[in-house]
Structure formats: structure tokens, C-alpha cells
J.: 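Before I ask anything, let me first share the structure, which is written out below as C-alpha cells.
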Amino acid sequence: MSWQQRISHELAQRRRDDAYRTRQANDGGNGRWLTQGERRYLNFSSNDYLGLSRDAGVIAAWRQGARRYGAGSGGSGHVTGYSVAHAALEQALADWLGYPRALLFISGYAANQALVTALTRAGDRILADKLSHASLIEAATLSPAVLRRFVHNQPSALETLLAKPDDGGETLVVTEGVFSMDGDSAPLAELQRLSRAAGAWLMVDDAHGIGVCGEQGRGSCWRQGVRPDLLVVTFGKAFGVSGAAVLCEQPTAEYLLQFARHLIYSTAMPAAQACALSAALTRIRQGDDLRAALQRNIRQLRAGLRALPWRLTDSDSAIQPLIVGDNGRALELAQRLRAAGMWVSAMRPPTVPPGSARLRITLTAAHQPEDIDRLLEVLRHAD
Ligand SMILES: *Cc1c(COP(=O)(O)O)cnc(C)c1O
């Protein structure tokens, strides 16, 4: 088979599975509305949960940062790319979340890859929740450690895996705080207890909890009174920007600076972005108003969805999926919503388990009550 044949074969298979992915260019950002050419949609697909991508303070901080530091960082952090803006953001994140150190990464994807691949060796075990994000599973697959997955949100399943004989290596337990496709929360206290008892480390990726829940928006771990050995927070969701940080103890941070290739062989995030993120952090800490608005929207949507035929997940987060099952049906519903002026993404395997295609509705603090009423009205007549 030639390269060309391989590629056209794979593309044809994707189409047959109703799993073909396309992109649409928007023009005007991701706010309450999504604009594409002449059309405007109510946006129920954004991860900008607090609306901070459009926050005047965040934008002004980015501008000022660019004037002072220029557009780009000029190098890896180990060469000349690390600035006082990066250092200030790392310190502020560490103080906020109660860790000795925070290290910035260019994305959550990179942070997860770096952590898992730099820490683990042959003979180690990674025990990950079955629904962990692709970036975590991929990192574990690329690492020399053995990957085992436990039944979603079932500590007893983790306990069984922990009890199995290991090869004398270390064990890393991996979960998300709030799961990206279901919106439900991990039982972190129980996972922490089991991990500690077994001498394993717990790593929590709180991409969807940080900023949104917990006192001052400190996230899922804070809310559940848990302090994982490794905490990953990302800035592409509630922070409204992009990037990520790993929170950890001092020696772990030093170890990552020596061995995490994503820090060494990759250009640091622009200093101006670090300035914007510091402004977003300040807004998040004082963001009870935004979190209350988001919670109001979540309550309104769930109350309305209960009257509809689809299965809801056990989610009190901004992520409220409607599990439809069939790929074609999920696409059809998304199309119908689009025709009615609402943008909701259909999520299909392999992003979600086979047979659980869904509409992934996300809410933000920017939605108004009438937006949610409109969405519910269309769904009510969609069956
Ligand atoms: C979005 C997401 C990531 C990836 O973060 P990026 O900064 O977008 O690369 C990692 N983990 C989870 C759970 C996510 O939802």
C-alpha cells in the first residue's frame, strides 16, 4: 500500500463511521456568541467557563506585557525565555494553591506528557481512571511504565489494581478532577487515601475544575480537601487564555527542570501571556460573582434537561453532556441545533467510549437565562 492509498483508506473509514472531523473558522472569538461569516450562534461549546477570554483586565495585561517584553519569549526557559513575569506567575500560582513550587508549561497536553514521561521508568506502574483525557493516556502509553486503567470513578477498582504484585517500581495514580466529557467529579479523597496507603503518588489533572469550583476558584482538590502529589492546572479553560502549570514539591520541580524535555527543548510561553495569566488569576480569586452566575446557569439547564428523554451525567460542573449513543443521531441533533442558531458539539468515539456519542453542552458565566431557555426549547422538539 502506498502512502496515498493508506491516507485515502483511513479517510474513507472515518467517513463511513460518521466520525469525520472538520473545523470551522470563527470570526470574533469565543464569547456568548460564536460568529462565522454572516451567521451568529449562541455558543454552547466553549471552555471559557468564566468568560475571561474577553475580560478587559486580562486583555490590557497582555497588551502591557507585549509592550514591555515583546511578542515572543525568544527561547526556552533554560536559555533566555524565562522572565520576571513568568516567575511572578509561578509564585502566585504556588501561593494560591498551597504548594512550594509551580512550573509553567506551554499547554496542558505538554504538561501531562512531560510529567508522566519524565517521572516514570521501566518497571513502574501507571494506574489511570478509564476516562482520563487523551493527553494522559497517550503520555502513559509513550512512557516505559505499564499502564492499567481502573473503572471510572471506582476507588475499589483502583484498590484491586494497587493490591496486585508490582515489579518493584513506583506507582503513579492518575485522574482528572472534573472529567472533560462527562463533567462528573472524581472521588479524590478516597483516591488519595488508597494511593498513600500503597506508597503511590496521586496526580490530578484539574483542567475543568480550576477556577470554577472551590474557595477562590482553587478547584476540585481544594473543594474536596485533597492535596495531590502532582497537580496539573490548565489555562485554556476557566483562565480564558492557554498554557498550564504543574504544582509540586521543591525537589520534584528541580527534577522536572532537569529532565522534562518539554521545558528544555521548547520555547517558553510569551512573557506577555504570563502577564495576562496573572491578571486572569487575580480575577479568578475574586470571581465569586462569575462562579455564582455559572452555577445559576447550570441549575437552570439541568432542571430543564430532566424533563427530556436523554440520560444526564452526574455533573454539577459547566460540562453537561446529553448522551445520545449513536454517532449519526448525535450529528443530526447538533445540525438541528445549528439550524436554530445554537452551536453545540457532537462528541464521538474515540473521544468518548463507543456507543456513547453525545452532545457536549458547556455553559459559561456569560450565558443569559433566555439563552438556556432557547436551547431547551429546541431540544424539547428535537425528538
Ligand atoms: C483540555 C485538557 C487538557 C489539555 O490542555 P491544553 O492546555 O488544551 O493542551 C488536558 N487535560 C484535560 C483533562 C483537558 O480537558
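From a predicted model like this one, the values you see are computed outputs, not experimental measurements. One-based numbering, in listed order, for ligands and for the atoms of each.
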J.: Report yes if G108 has an N/O atom closer than 3.5 Å to an N/O atom of ligand 1; otherwise report no.
T.: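 Yes, G108 has an N/O under 3.5 Å of an N/O on ligand 1.
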
J.: Is a donor from one side chain sitting under 3.5 angstrom from an acceptor on the other, for N297 and H367?
T.: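 No, no side-chain donor-acceptor pair sits under 3.5 Å.
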
J.: For atom 4 (C) of ligand 1, what's the nearest protein heavy-atom neighbour? Residue, atom name and distance, please.
T.: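 Checked against all protein heavy atoms, atom 4 (C) of ligand 1 sits closest to Y109 N, 3.7 Å.
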
J.: State plainly whether the residues R380 and D373 are in salt-bridge range, i.e. N to O under 4.0 Å.
T.: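 Answer for the salt bridge query: no.
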
J.: Has Q300 got a side-chain atom pairing as donor or acceptor with I372's backbone, closer than 3.5 angstrom?
T.: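 Judged by distance alone, no pair lies under 3.5 Å.
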
J.: If you have a sec, work out which protein heavy atom is nearest atom 15 (O) of ligand 1 and how many Å separate them, to one decimal?
T.: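 Ranked first by proximity to atom 15 (O) of ligand 1 is H208 NE2, 2.5 Å.
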
J.: Quick check on contacts: which atoms of ligand 1 are under 4.0 angstrom from a heavy atom of S180?
T.: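 Matching atoms, with element in brackets: 15 (O).
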
J.: Will you find, in the side chains of T313 and D184, an N or O donor that is under 3.5 Å from an N or O acceptor?
T.: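 Distance-only check fails for T313 and D184.
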
J.: If you have a sec, work out which protein heavy atom is nearest atom 11 (N) of ligand 1 and how many Å separate them, to one decimal?
T.: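 Among all protein heavy atoms, the one nearest atom 11 (N) of ligand 1 is D205 OD2, 2.5 Å.
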
J.: May I ask you to decide whether R358 forms a salt bridge with D182, counting only side-chain N to carboxylate O separations under 4.0 Å?
T.: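 Salt bridge between R358 and D182, a charged N being under 4.0 Å from a carboxylate O: yes.
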
J.: Which residue supplies the protein heavy atom nearest to atom 14 (C) of ligand 1, what is that atom called, and how far is it?
T.: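 Result: K237 NZ, 3.0 Å.
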
J.: Below 4.0 Å from any atom of ligand 1, is there a heavy atom belonging to S135?
T.: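 In this structure, S135 qualifies as a contact of ligand 1 - some heavy atom is under 4.0 Å.
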
J.: Cation over ring, R14 on Y20, under 6.0 Å and within 45°?
T.: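 Pair R14/Y20 does not count as cation-pi.
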
J.: With a heavy-atom distance limit of 4.0 Å, tell me whether S107 approaches ligand 1 through its side chain, its backbone, both, or neither.
T.: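 Both backbone and side chain.
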
